Amino acid sequence: MNMKYALSCILLYFSLFSLPSCNDSETSSNAPGGEEIENTTKSYDWQLEGKWKYASGNDSDFSQTLIFEKNGKGSYDDGTLEWYCSNNQLYIDFDNGKSIKDCNYSFYGATLQLKNPQLSYILDCPVIGSWLATDAHNHFTGSTFYYTFAPDGGAECFTFNASGIWESQKYSWFRTQDGIQLLFNMTTKDLICQADAEKLTIQGDGEFNHTSPFYGKWKSVYSQDGIINEEDENFSTIELYQRTDDDYFVYYKKDNKYASFQGLMSILLPNRSLLIKPADGNDPLFLYFRFYYSKDSGKVYLELSKDNSFTEYTRYEFVTAL
């Protein structure tokens with residue numbers, strides 16, 4: 001063996017054993033923006049999937065709509081995108097050359113908060129809004145009367161106490177793969193549920209309609225002085241209309257075909273009051289509200305008062321939707 005042949009064998013040996021193994025899990029990939037990331041483990045957070053609409057932020061140049069698909073593909077206002085997650089950070093590569101990388105993100109209800117850049121998006125999520133137990137006014141049989149789910153992660157659950165007066169519990173809410181998780185003082189409650197544009201079904205809690213408990217025609221049946229009959233002088237009816245801008249309130253006295261009082265209405269749920277701006281231009285009127293459940297009739301009534309102590313009030317029975 002001459003020296004040249006021996007040197008060739010040595011070089012071949014080192015070439016073969018310095019090659020990477022076929023089972024080696026270490027890979028490199030290019031992140032959006034073209035920078036190489038060594039040993040990247042890509043994942044696709046299911047919570048990002050769906051259609052997101054721009055809510056707020058400091059940079060109006062970013063897309064108004066983002067759509068993330070399961071396979072890492074997607075689209076935005078004017079084109080397509082590719083996305084993935086790595087080390088709990090989001091990477092997005094837009095086909096116009098822009099990118100988001102090393103972006104921390106978090107969820108609050110149906111809101112996606114991006115940290116860098118500071119942007120907020122709201123998911124096209126059917127659970128957002130108000131949910132009233134099916135046929136609650138006329139035949140309430142469940143434990144929960146009413147739910148509200150805000151896009152920012154605030155939620156409220158309304159039930160009735162032993163006296164029949166409604167009460168509520170506020171929560172933070174988060175999406176889960178089975179439905180919704182409610183959080184209060186580090187205690188969680190899981191709601192296994194399904195929702196579409198019209199109906200929310202919660203396992204063990206019944207069905208809810210995508211509406212508010214306020215709207216409709218109501219007639220007076222009771223006050224602090226006792227029962228109100230339709231032939232009584234203090235009998236009245238009210239109509240609460242839901243409209244695309246301001247809601248509307250109409251009050252009729254006994255036997256009146258024309259409204260005795262009417263005006264634009266705002267439902268101030270946190271304050272438990274109706275703010276009514278009279279059509280005649282008079283000063284705004286506050287009416288405090290609460291709901292009352294009668295086990296005897298199985299119905300839920302709306303009670304209105306000019307003061308929040310309800311020393312004087314009128315109880316209204318639901319007549320029909322408007």
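Just so it is clear, the model here is predicted, and its values are computed rather than measured.
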Please determine whether a side-chain nitrogen of the Lys or Arg among Glu303 and Arg272 lies less than 4.0 Å from a carboxylate oxygen of the Asp or Glu.
no
Are Glu156 and Ser168 close enough that a side-chain donor and a side-chain acceptor fall under 3.5 Å?
yes
Under 3.5 Å, is there a donor-acceptor pair between the side chain of Asn71 and the main chain of Lys73?
yes
Any heavy-atom pair between the side chains of Leu275 and Phe286 that's under 4.5 Å?
yes
Below 6.0 angstrom between ring centroids: does that apply to Phe145 and Phe158?
no
Can you tell if the side chain of Lys254 reaches within under 4.5 Å of the side chain of Asn234, non-hydrogen atoms only?
no
Side chains of Tyr121 and Thr111 only: does a donor on one sit below 3.5 Å from an acceptor on the other?
no
Is the distance between the ring centroids of Tyr301 and Phe318 less than 6.0 Å?
no
Ring-ring centroid check Phe214 Phe289, cutoff 6.0 Å:
yes
Considering only heavy atoms from C-beta outward, does the side chain of Tyr252 approach that of Glu239 to under 4.5 Å?
yes
What about the rings of Tyr293 and Phe160, do their centers lie closer together than 6.0 Å?
yes
When the aromatic ring centroids of Phe149 and Tyr147 are compared, is their separation below 6.0 Å?
yes
Centroid-to-centroid, Trp218 to Tyr316, below 6.0 Å?
no
Is the distance between the ring centroids of Tyr215 and Tyr241 under 6.0 Å?
no
Check this for me, if you would: do Lys299 and Glu317 make a salt bridge, where the nitrogen-to-carboxylate-oxygen distance has to be below 4.0 angstrom?
yes
Under 4.5 Å between any side-chain heavy atoms of Asp95 and Leu81, yes or no?
no
Classify the angle between the aromatic ring planes of Trp52 and Phe107 as parallel (below 30°), tilted (30 to 60°) or perpendicular (above 60°).
tilted
Quick check on ring pair (Phe, Tyr, Trp, His ring centres under 6.0 Å): which of Tyr84, Phe68, Trp83 does Tyr91 satisfy it with?
Tyr84
Testing the 3.5 Å rule here: is there a donor-acceptor pair between the side chains of Asp190 and Gln181?
yes
Is there a donor-acceptor contact under 3.5 Å linking the side chains of Ser143 and Asp205?
yes
